[in-house]
Student: 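Okay, handing you the structure first.
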There are 2 protein chains.
Amino acid sequence: MGIAERKHRQKQALRERILDAARRIVVREGFAALSMRKIADAIEYSPATLYLHFESRDHIAHALCAEGYAQLLASFAPLAQIADPAERLRALGRAYVAFGVAHPETYRLIFMEDPSYTGAALAGAAGVSEDDTAGDAALQIMIDALDELRGAGRLSGSVASTEPAVWAEALWASLHGIVALNLTCSVFPSAPLETLVGVTLDAWLGEPQAAGAGASTSAAGRGKKTAARRRPSTASSKHTAPEPATKRKAAGP
Amino acid sequence: MGIAERKHRQKQALRERILDAARRIVVREGFAALSMRKIADAIEYSPATLYLHFESRDHIAHALCAEGYAQLLASFAPLAQIADPAERLRALGRAYVAFGVAHPETYRLIFMEDPSYTGAALAGAAGVSEDDTAGDAALQIMIDALDELRGAGRLSGSVASTEPAVWAEALWASLHGIVALNLTCSVFPSAPLETLVGVTLDAWLGEPQAAGAGASTSAAGRGKKTAARRRPSTASSKHTAPEPATKRKAAGP
DNA sequence: GTCTATATGAGGATAGAC
DNA sequence: GTCTATCCTCATATAGAC
C-alpha cells in the first residue's frame, strides 16, 4: 500500500506548507491580517483547497498556537538543567520574556488574542491529551523549581508561606505583564526590558545570593536614572528567526 | 447668538449619543464588533452622519479610550487620601485590578488592543496637553507613593536601591499581567484573583506591617490549597455598571 | 484532490440630492 | 445636517467542473 502512504505524505506536506505560509503572514503582518486568500496566494493554491486541510481559519490559528507554545517550551528545555533552582527560575523568566519580544505576533496570538487560542496551545503541545485540564507544562516547571527551593529552606518571608502553585501563577502574571505591555503600549517601557525583568525577579525571588557560580542576573539589572529608552530590540533568542515588529498604528498623539 | 449656541449644544449632544452607543457596543460585544453601521443603527441615524462628528472609527475608539482612562483615574482619586503610602499603594493596586475585571472590554481597548489607543487614553485624560510625553498620571501616583515610602525609610532590600520610576513600572506590569491573563486566558486563574493580587503586592511591598490602623490587605490574601476556582466575578467596583463578560470563543479544547 | 467561479455578507468611507 | 445610494475592499465558504 505504498501509494496510499505517498498520498498521505503529500497531504501532510501541503498541510505544512499552509501552516508555514500562515505563520509567515502572522509574523509579518499580525494575526488580524491572516486571511484564507492571503495564505492561498502565498502557497499558490486556490482558497478552496485550504478547506480540504483545515476546517476554518480558526483551526489554522489553533495549529499555529500549538506550534508556538511548543517552541516556547523548547526554549525552556536546556534551562531545566540548571542545578540551582533560584537561578533556574531566573533563567526561565528571562527566557520567557525573551521569547515574547522575539516573537511578538506569536506571543500575541497565544496569550493575548483569545482564550480558545491559549487553550489550543497548551493542549496541542501537551500531546493530544484530552483530560480535564491538560495542565500547563511551563507552569509546572516553575512550580517544581519553587518546591525545590522551599525544600532547601531558602525562601524568605511571604514567599515561604504561599502555595507554590499560586506563587508560580503570580510570577507568570508578572512576566506576562512585562511582555504584554511591551507589545501593546508604546508608552510603557521607559526603563529597558532587562531592568524590569531583573527588578521583577528580585522582587519574587529575593536578592540573588552571591554564593552561586554563574554570573548572576541582576548585575546589570538595576536601573540607573532610567538610562536607555525604547525597546532595545535585543532579540537575544537563540531560537529561530525573530519576528520583526509589526507596524501597528502610531505611538503617541 | 443664541441660535449658534443651541446648534452647538445639539451637535455636542449627538456626539455624546454616538459615544454612548459605541461604548455600549464595545462593552457588550467587544471592540472587534464595533462598526459604524451598528452605531448608526443604535442611534437611529444613517452611517454617513457619524462622519460629521468623527473622522473615522478609530477616532471614536480614541474617544472611548480617553473616557475609560478618566474613569480609571476617577476610581483612584479617593484612594489618594490614604495616609500610609504602603496601604495607599496596596489600595491602588487592588482598585486597578478591580477596574480591569469590572470593565473587561474597556480595559482591553485601552491597554491590550493597540498602542495608539493607549496613547490616546493617556493624552486624552491628561487634558489636551500635547507636550512630548503626556506622562501617565496613574503611574505618577504610584511613583509619588513610593517616594514617600522611601523617604520614611520603610523599604527593604532590593526595593530600596531601585529607581522609583522603574519600580512603579514593574509593579504596574505585574498588575497588568494579572488582569490581562484573567481577561484572555481562561486557563489562568486557578487561584482566585484576590489571592494573586495579595501575593503580588506582598512581593513588591513586603509583608504589610501590623502597625497600621486599617485592616490589612493580605488577611484573606494567602492561598490555602488553591481553594476556589474560576473568576469570582467580584465586581467590587463602586464605579459605574460593570461590563458583563463578552462571549469569546470557548475555553478549553 | 484541485481548481474556477461564485454566493453571501460584512465592513469603511464618500458623493450628491434634499 | 441629514439622508439615500453607492463604491470599494475584504472576508468565509461552497458548488460543480476537471
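Proteins come first, then strands; the chains are lettered A, B, ... in the order of their sequence lines, and each starts at number 1. Treat the numbers as computed from the prediction; the structure is a model and nothing was measured.
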Student: Starting from P on D:dA11, measure out to CD1 on A:I60 and report it in whole angstrom.
Tutor: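 Rounded to the whole Å, the gap is 13 Å.
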
Student: Are any of A:S35's side-chain N or O atoms less than 4.0 Å away from OP1 or OP2 of D:dA11?
Tutor: yes

Student: Send over the distance from A:H8 NE2 to C:dG1 P, rounded to a whole Å.
Tutor: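 In whole Å, C:dG1 P and A:H8 NE2 are 10 Å from each other.
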
Student: Does a side chain donor of either B:Y51 or B:H59 reach within less than 3.5 Å of an acceptor in the other side chain?
Tutor: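 B:H59 and B:Y51 do not have a side-chain donor-acceptor pair below 3.5 Å.
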
Student: How far apart are the closest heavy atoms of A:A21 and A:A42, and which atoms are they?
Tutor: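 Here A:A21 and A:A42 meet closest at CB-CB, 3.9 Å.
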
Student: What residues, two or more places apart in sequence or in another chain, satisfy ring-ring contact (aromatic ring centres under 6.0 Å, His included) together with B:Y45?
Tutor: none

Student: Between C1' on D:dA11 and CG on A:D58, what's the gap in Å once rounded to a whole number?
Tutor: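 Roughly 13 Å, once rounded to whole Å.
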
Student: The side chain of A:S46 lies closest to which of these nucleotides: D:dT12, D:dT4, C:dT4?
Tutor: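 Looking only at side-chain atoms, A:S46 lies closest to C:dT4.
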
Student: Mind checking whether B:L14 and B:T49 have side chains closer than 4.5 Å, heavy atoms only?
Tutor: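 Side-chain contact under 4.5 Å: yes.
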
Student: Among C:dG11, D:dA11, C:dT14, which is the nearest nucleotide to the side chain of B:K38?
Tutor: C:dG11

Student: Expressed as a whole number of angstroms, how long is the span from B:M36:CE to D:dT9:C1'?
Tutor: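 The answer, rounded to whole Å, is 16 Å.
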
Student: Among the candidates C:dA13, D:dT14, C:dT14, find the nucleotide nearest to the side-chain atoms of B:A48.
Tutor: C:dT14

Student: If only side-chain N and O atoms of A:T49 are considered, is one of them under 4.0 Å from the OP1 or OP2 phosphate oxygen of C:dG1?
Tutor: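 No, A:T49 has no side-chain N/O under 4.0 Å of OP1/OP2 on C:dG1.
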
Student: Roughly, in whole Å, what's the span from CZ in B:R57 to C1' in C:dG12?
Tutor: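 Distance, rounded to whole Å: 9 Å.
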
Student: Between B:K7 and B:P47, who's closer to the 5' end of DNA chain D by nearest nucleotide?
Tutor: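 Checking each residue's closest nucleotide, the 5'-ward one belongs to B:K7.
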
Student: Determine, for B:D20 against B:R23, whether the closest basic-nitrogen to carboxylate-oxygen distance falls under 4.0 angstrom.
Tutor: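 Counted as a salt bridge, because a side-chain N and a carboxylate O are separated by less than 4.0 Å.
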
Student: Which whole-number value in Å describes the distance from A:Y51 OH to C:dT4 C1'?
Tutor: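 Spelled out: OH on A:Y51 to C1' on C:dT4 is 16 Å.
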
Student: Have B:Y117 and B:Y69 got a donor and an acceptor in their side chains that come within less than 3.5 Å?
Tutor: no

Student: Regarding B:L34, tell me which of base, sugar-phosphate or nothing describes its non-hydrogen contacts under 4.0 Å with the strands shown.
Tutor: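 Sugar-phosphate contact only.
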
Student: Are OP1 or OP2 of C:dG1 and a side-chain N or O of A:H53 less than 4.0 angstrom apart?
Tutor: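 Checking C:dG1 against A:H53, no side-chain N or O comes under 4.0 Å of OP1 or OP2.
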
Student: Determine whether any donor atom in the side chain of B:R37 lies under 3.5 Å from an acceptor atom in the base of C:dG12, or the reverse, and answer yes or no.
Tutor: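 Looking at the base of C:dG12, it does pair with a donor or acceptor on the side chain of B:R37 (distance under 3.5 Å).
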
Student: Any side-chain heavy atom of B:F99 sitting closer than 4.5 Å to one from B:Q71?
Tutor: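 Yes - at least one pair of side-chain heavy atoms lies under 4.5 Å apart.
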
Student: What parts of residues 9-19 of chain A reach DNA chain C, counting only heavy atoms under 4.0 Å away?
Tutor: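 The stretch gives A:K11, A:L14 as the residues lying under 4.0 Å from the strand, ordered by number.
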
Student: Nearest whole angstrom, please: distance from the P of C:dA15 to the CG of B:L52.
Tutor: 13 Å

Student: When you look at CD of B:E55, are more than 12 heavy atoms from neighbouring residues, nucleotides or ligands closer to it than 6.0 Å?
Tutor: no

Student: Take atom CG of A:D41 and atom P of C:dC3, then tell me their distance rounded to the nearest Å.
Tutor: 12 Å

Student: When you get a sec, tell me which of C:dT4, C:dT2, D:dT2 is the closest nucleotide to the side chain of B:Y45?
Tutor: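 When the side chain of B:Y45 is considered, D:dT2 is the closest of C:dT4, C:dT2, D:dT2.
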
